[in-house]
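Here the structure is laid out as structure tokens; the discussion comes afterwards.
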Amino acid sequence: MPMQRMCQIVERGQLNPYAVTMTLAVGEELSRQISFGQFVHIRCGEGLLLRRPISICDWQEGLLRIVFEVRGEGTAWLAERKEGESLDVLGPLGRGFRLDRQGRYLLVGGGIGVPPLLSCAVGTAGRSTAVLGFRSADRAMLLGDFAARCAAVRVASDDGTIGVHGFVDGVAREVLEADRDFDAVLACGPKPMLKSVARVAKEFGVPCQVSMEERMGCGVGACLVCSCDMADGSRKHVCKDGPVFDAKEVDWDA
Ligand SMILES: Cc1cc2nc3c(=O)[nH]c(=O)nc-3n(C[C@H](O)[C@H](O)[C@H](O)COP(=O)(O)OP(=O)(O)OC[C@H]3O[C@@H](n4cnc5c(N)ncnc54)[C@H](O)[C@@H]3O)c2cc1C
Ligand code: FES
């Protein structure tokens with residue numbers, strides 16, 4: 001059951017010039033309910049500004065970590081908050097990754113889609129492999145955190161300034177060519193990236209779950225802002241039915 005509460009920022013930092021990390025004291029009751037790939041809806045701003053969805057990067061007893069980049073007014077307001085201040089948090093929300101802690105996963109993240117996969121790496125302690133993609137070296141983040149929790153980490157960048165010059169789907173293909181013994185590919189990032197990763201996973205016969213991003217209003221299934229087209233012609237709510245879907249469910253050409 002999602003909870004709404006005021007949560008103190010106990011730690012705030014910068015992972016690179018663009019990405020902010022915050023640890024929030026959410027209380028044990030809330031943190032106990034979290035599962036991999038869920039998100040929180042945070043009130044951003046004092047006025048009529050709506051809440052903004054931010055994925056849960058990691059959590060432990062009573063604490064929850066988020067990582068975000070500034071996109072517009074809401075995230076700019078959030079980035080200005082300081083340690084000791086409190087945020088109005090609603091969560092945990094959504095259906096996340098279906099993950100077996102004993103499993104072995106190929107985690108594929110692009111840009112700000114990288115942070116939500118960290119909890120999956122933590123949850124599968126040393127068994128999963130991560131493929132992380134960034135626009136350029138100055139946007140890379142959490143590489144040490146993934147390295148400490150994964151069997152292997154591969155990095156790619158659009159401009160070649162860090163890791164392999166290219167996209168994550170190409171690197172995911174290389175990993176699967178060498179070893180396709182993964183329980184699933186878990187992917188988070190922009191839709192074109194997810195589409196390419198889903199295609200590669202299908203080619204190698206590995207199940208694939210994708211975390212979709214849509215603009216959100218209420219965050220709890222009460223409006224239609226976040227609807228997403230499904231392969232069977234239906235529309236689902238990213239906030240309530242997702243954000244994580246089986247890649248086979250999604251209409252990739254919508
Ligand atoms: C389930 C979910 C989890 C998310 N997790 C994270 C996270 O962990 N870290 C993070 O940095 N961001 C995350 N986002 C994206 C984040 O919610 C948006 O960047 C934020 O809502 C933008 O609000 P704003 O007021 O700053 O910008 P706005 O002024 O509302 O928008 C600025 C620009 O971003 C576009 N935009 C806004 N929201 C979205 C969206 N959801 N999808 C695509 N384009 C959008 C707008 O069209 C506009 O061009 C997540 C989104 C979803 C749906
Ligand atoms: S954001 Fe309102 S239904 Fe999903």
Side-chain angles (χ1 to χ4, degrees), residues 2 12-24 26 34-59 64-81 87-97 107 109-121 132-135 139-142 145-146 186-195 209-230 234-245 250 254:
R12 185 209 178 282
Q14 226 35 71
L15 296 180
N16 61 39
Y18 310 94
V20 176
T21 172
M22 275 183 187
T23 303
L24 309 177
V26 294
I34 301 172
S35 63
F36 305 98
Q38 285 191 301
F39 67 96
V40 284
H41 219 194
I42 302 178
R43 185 176 291 283
C44 293
E46 318 298 339
L48 290 173
L49 213 57
L50 290 172
R51 292 175 181 276
R52 294 292 183 257
I54 303 290
S55 298
I56 297 166
C57 166
D58 197 10
W59 74 93
L64 171 160
R65 183 184 187 188
I66 53 171
V67 172
F68 62 93
E69 289 182 357
V70 173
R71 287 281 185 280
E73 208 183 331
T75 43
W77 180 89
L78 194 57
E80 283 161 16
R81 299 308 101 200
L87 297 173
D88 180 341
V89 174
L90 174 66
L93 296 174
R95 294 159 73 105
F97 293 107
L107 312 174
I112 203 62
V114 165
L117 295 173
L118 182 60
S119 65
C120 302
L132 311 176
F134 304 97
R135 238 187 272 169
R139 290 190 178 260
M141 63 177 110
L142 301 172
D145 300 70
F146 277 92
L186 310 181
C188 188
K191 194 170 176 185
M193 180 211 111
L194 296 180
K195 182 179 177 179
Q209 299 172 37
V210 293
S211 183
M212 305 292 289
E213 231 202 64
E214 291 290 342
R215 286 206 68 117
M216 284 193 186
C218 66
V220 291
C223 67
L224 286 173
V225 172
C226 69
S227 70
C228 170
D229 292 302
M230 297 287 120
S234 67
R235 306 195 87 193
K236 288 196 172 171
H237 294 114
V238 169
C239 67
K240 184 167 65 83
D241 306 314
V244 176
F245 296 96
V250 178

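Counting starts at 1 for both ligands and their atoms, following the listed order.
Annotation: Ile112 places no N or O atom under 3.5 Å from an N or O atom of ligand 1; distance criterion only. Every N/O-N/O distance between Ile54 and ligand 1 stays at or above 3.5 Å. Not one N or O of Pro116 is nearer than 3.5 Å to an N or O of ligand 1, by distance alone. In terms of N/O distances under 3.5 Å, ligand 1 is not approached by Met216.
Ligand 1 places these atoms under 4.0 Å from at least one heavy atom of Gly72: 24 (P), 26 (O), 27 (O), 29 (O). With ligand atoms numbered from 1 in the order given, ligand 2 contributes 3 (S) to contacts under 4.0 Å with heavy atoms of Gly221. Heavy-atom contacts of Ala222 reach the following atoms of ligand 2: 3 (S) (cutoff under 4.0 Å). Interface atoms of ligand 2 facing Cys226, defined by a heavy-atom separation under 4.0 Å, are 1 (S), 3 (S), 4 (Fe). Listed by atom number, the atoms of ligand 2 under 4.0 Å from Cys239 heavy atoms are 1 (S), 3 (S), 4 (Fe). Interface atoms of ligand 1 facing Glu69, defined by a heavy-atom separation under 4.0 Å, are 11 (O). For ligand 1, the atoms closer than 4.0 angstrom to any heavy atom of Phe68 are 9 (N), 10 (C), 11 (O). Proximity to Gly219 (heavy-atom distance under 4.0 Å) selects the following atoms of ligand 2: 1 (S), 2 (Fe).
Closest heavy-atom approach to atom 3 (C) of ligand 1 among the candidates Gly219, Ser55, Cys44, Ser211: Ser55. For atom 20 (C) of ligand 1, the nearest non-hydrogen atom from the set Arg52, Glu213, Arg215 comes from Arg52. Considering Lys191, Met212, Glu73, Arg71 only, the shortest heavy-atom separation from atom 33 (C) of ligand 1 involves Arg71.
By the 6.0 Å and 45° rule, Arg139 does not stack over the aromatic ring of Phe134.
Considering CG of Leu132 and SG of Cys188, their distance stands at 11.5 Å, rounded to 0.5 Å. Here Leu93 contributes atom CG and Phe39 contributes atom CZ; the two are 4.5 Å apart, rounded to the nearest 0.5 Å. Interatomic distance, Ile66 CD1 to Thr21 OG1, rounded to the nearest 0.5 Å: 8.0 Å. Here the straight-line distance linking atom NE2 of His41 with atom CG of Leu50 works out to 7.5 Å at 0.5 Å rounding. In this structure, CG on Leu224 lies 8.5 Å from SG on Cys218, to the nearest 0.5 angstrom. The CD1 atom of Ile54 lies 6.0 Å from the CG atom of Leu78; values are rounded to the nearest 0.5 Å.
The protein non-hydrogen atom at the shortest distance from atom 2 (Fe) of ligand 2 is Cys223 SG, 2.2 Å.
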Test side chain to side chain contact (heavy atoms under 4.5 Å, CB included) on Arg51 and Asp88 and set out the steps. CA-CA 9 Å; Arg51 292 175 181 276; Asp88 180 341; 2.9 Å; yes
Mind running side chain to side chain contact (heavy atoms under 4.5 Å, CB included) on Val20 and Gln14 for me, showing each step along the way? CA-CA 5 Å; Val20 176; Gln14 226 35 71; 3.9 Å; yes
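Contacts between Ile66 and ligand 1, counted as non-hydrogen atom pairs separated by less than 4.0 Å, are absent for every part of the residue. By the criterion of a heavy-atom distance under 4.0 Å, neither the backbone nor the side chain of Ser227 is placed next to ligand 2. At a 4.0 Å heavy-atom cut-off, ligand 1 touches Glu214 through the backbone alone.
At a cut-off of 2.8 Å, His237 does not coordinate atom 4 (Fe) of ligand 2 through any N, O or S atom. Taking 2.8 Å as the threshold, Cys218 counts as a candidate ligand of atom 2 (Fe) of ligand 2, since one of its N, O or S atoms lies below it.
Other residues, nucleotides and ligands contribute at most 12 non-hydrogen atoms within 6.0 Å of the CZ atom of Arg135.
Gln209 places a side-chain heavy atom less than 4.5 Å from the side chain of Leu186.
Shortest non-hydrogen contact noted between Leu142 and Leu118 is CD2-CD2, 4.5 Å.
Side chain of Arg12 to main chain of Arg81: a donor-acceptor pair is present (N/O by atom type, distance under 3.5 Å, no hydrogens or angles).
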